[in-house]
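See below for the structure under consideration.
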There are 2 protein chains.
Amino acid sequence: MIELLTYLNQIQSLSDKSEQALVSICNEIIVKKGKDLHPIGNTCRNIYFIKKGFLRIYYFKDYTDVTESFEFENAIVARADSLFNSNPSKKGIQAIEDSELVAINSAQLFKLYDEFPDIERLFRKIFENAYVETVNRIESLQFHTAEERYANLLDQSKNIIQRVPLKYIASYLGITQVSLSRIRAKR
Amino acid sequence: MIELLTYLNQIQSLSDKSEQALVSICNEIIVKKGKDLHPIGNTCRNIYFIKKGFLRIYYFKDYTDVTESFEFENAIVARADSLFNSNPSKKGIQAIEDSELVAINSAQLFKLYDEFPDIERLFRKIFENAYVETVNRIESLQFHTAEERYANLLDQSKNIIQRVPLKYIASYLGITQVSLSRIRAKR
DNA sequence: GTAATTATTTAACATATGTAAAATATTTTC
DNA sequence: GAAAATATTTTACATATGTTAAATAATTAC
């Protein structure tokens with residue numbers, strides 16, 4: 001849990017009591033490569049911290065597997081719409097590599113908000129940051145060509161190409177695998 | 001201010017003290033059609049509530065005017081990245097029609113968070129909702145054709161076509177004006 | 001109300017991306 | 001390590017979208 005608390009305290013410093021309360025609603029989870037941390041159709045009942053490994057959020061559009069996002073080590077991941085609105089999620093979270101996570105039970109977490117304002121503040125900031133990131137992602141999808149988006153992805157995280165099958169990258173960039181192959185062939 | 005308080009209490013009920021504190025940091029603003037509520041380059045120091053009118057968030061990409069989003073009556077609008085990180089914003093907020101707004105001073109608002117947890121909770125929920133919406137928008141940009149995105153926009157808000165110049169709609173959909181004209185000609 | 005400005009559509013052509021199918025390459029399973 | 005399964009690239013062709021320029025329509029300013 002140390003990795004988690006270190007990560008969280010960087011965003012918002014927590015009192016000892018708050019830390020204890022948080023830890024008490026956490027569980028460590030291991031997910032094997034290719035397995036679902038959160039299957040499509042389930043309502044999201046946890047917020048996850050990725051200690052180790054690499055995952056993706058995905059769904060099916062007309063029977064085609066689509067990667068919405070990649071989720072790296074040392075970060076929080078959750079199915080936002082399902083989490084906040086208690087809907088069954090159309091999207092799943094799948095491990096691309098064997099991964100170690102901490103699951104924070106969301107129902108219990110939301111209860112802690114009443115007693116520990118620093119915990120509520122912490123997660124307010126976490127999702128504010130996530131919000132800003134998605135707005136930037138919109139900009140990228142709206143006004144960069146597929147080629148630019150591919151180049152940006154390489155810049156952001158150079159080892160992503162080694163770690164992720166290209167078919168996942170193609171749908172993440174909003175293009176087909178064939179199109180991605182062409183872009184790669186050009187370079 | 002009544003419209004604002006009605007709107008906010010639907011999201012999170014506020015105590016009388018909290019309402020008073022909130023109102024004390026608000027100012028009513030009128031922006032004429034075509035004018036900037038928030039000019040490009042300024043750091044965002046307010047969260048706005050749109051009482052009446054219609055605005056857009058825009059920026060320039062390679063000297064081309066790009067509409068990132070449309071903002072309707074009875075909703076909150078803010079430049080998220082600039083607001084949370086105190087960066088000068090690359091994006092501006094412009095009135096498409098004469099608009100009446102309430103400006104909530106963000107520095108003062110963030111101070112109120114310490115004293116009034118219900119206010120912090122309110123804005124936590126507001127930005128959580130905004131986050132979920134942007135995730136949905138990503139899905140739309142990633143896997144719908146321009147034609148589908150145009151159809152969806154018509155469904156969502158049928159009067160948008162009457163109220164917004166098409167050049168703004170084109171860039172919002174991530175396509176050129178010419179391409180939008182072609183899509184419209186097909187129907 | 002007319003002239004000037006701005007917005008929208010259309011045309012012609014270039015480029016990017018999609019689709020389907022086949023050819024290779026790589027990884028996994030036993 | 002060979003067979004099977006999966007991933008990636010390539011080819012050929014279809015379609016969508018971009019670019020530039022011109023034509024038309026609508027709006028704004030005086």
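Order of the sequence lines sets the chain letters (A, B, ...), proteins ahead of strands, with each chain counted from 1. All figures in this text were calculated on a predicted structure; none of them were measured in a lab.
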Write down the protein N/O and nucleotide N/O pairs, taken from nucleotides 25-30 of chain D, whose separation is under 3.5 Å; answer none if there are no such pairs.
residue : atom : partner : partner atom : Å
D/dT28  : OP1  : B/K33   : NZ           : 3.4

Exercise for the section: Just say parallel, tilted or perpendicular for the rings of B/Y131 and A/F127, cut-offs at 30° and 60°. Expected result: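 B/Y131 and A/F127: tilted rings.
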
Practice task
Specify whether B/Y113 and B/F123 have parallel, tilted or perpendicular ring planes, treating 30° as the upper limit for parallel and 60° as the lower limit for perpendicular.
Solution key: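 Tilted: the ring planes of B/Y113 and B/F123 meet at 30° to 60°.
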
Completion exercise
salt bridge (Lys or Arg N to Asp or Glu O under 4.0 Å) with B/E73: of B/K51, B/R163, B/K52, only one passes, and it is B/R163

Exercise for the section: To the nearest 0.5 angstrom, please state how far the OG atom of B/S24 sits from the CE atom of B/M1. Expected result: 10.0 Å

Exercise for the section: Keeping to residues at least two apart or across chains, list the salt bridge (Lys or Arg N to Asp or Glu O under 4.0 Å) pairs with something in residues 107-116 of chain A. Expected result: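 Pairs touching residues 107-116 of chain A that pass the test: A/D114-B/R121.
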
Handout entry: ring-ring contact (aromatic ring centres under 6.0 Å, His included) contacts touching residues 1-27 of chain A (sequence neighbours left out)
Key =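 Every pair satisfying ring-ring contact (aromatic ring centres under 6.0 Å, His included) with a residue in residues 1-27 of chain A: A/Y7-A/F49.
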
Handout entry: Contact list for residues 157-186 of chain A, test ring-ring contact (aromatic ring centres under 6.0 Å, His included), sequence neighbours left out
Key =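 Output for this query lists A/F70-A/Y172.
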
Problem - Atom pair distance, as rounded to whole Å: CD1 in A/I161 and P in C/dT26 - result: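 After rounding, the reported distance stands at 16 Å.
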
Handout entry: Nucleotide D/dG18, atom P - distance to NE2 of A/H144 in whole Å
Key =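 After rounding, the reported distance stands at 15 Å.
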
Handout entry: Side-chain donor-acceptor pair present, B/S15, B/S18, cut-off under 3.5 Å
Key =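 The criterion, which ignores hydrogens and geometry beyond distance, is satisfied for B/S18 and B/S15.
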
Handout entry: Intra- and inter-strand pairs of DNA chain C in dot-bracket (Watson-Crick or G-U wobble, both distances under 3.5 Å; | for another strand)
Key = ||||||||||||||||||||||||||||||

Problem - Heavy atoms from other residues, nucleotides or ligands near NZ of A/K61 exceed 12 (cutoff 6.0 Å) - result: yes

Handout entry: nucleotides 3-20 of chain C: protein proximity per nucleotide (B base, S sugar-phosphate only, - neither; heavy atom, under 4.0 Å)
Key = ----SBBBBB----BBBB

Exercise for the section: Answer yes if B/L173 and B/L55 sit in the same cluster of Ile, Leu, Val, Met, Phe, Trp and Tyr residues linked by side chain heavy atoms under 4.5 Å apart, and no otherwise. Expected result: no

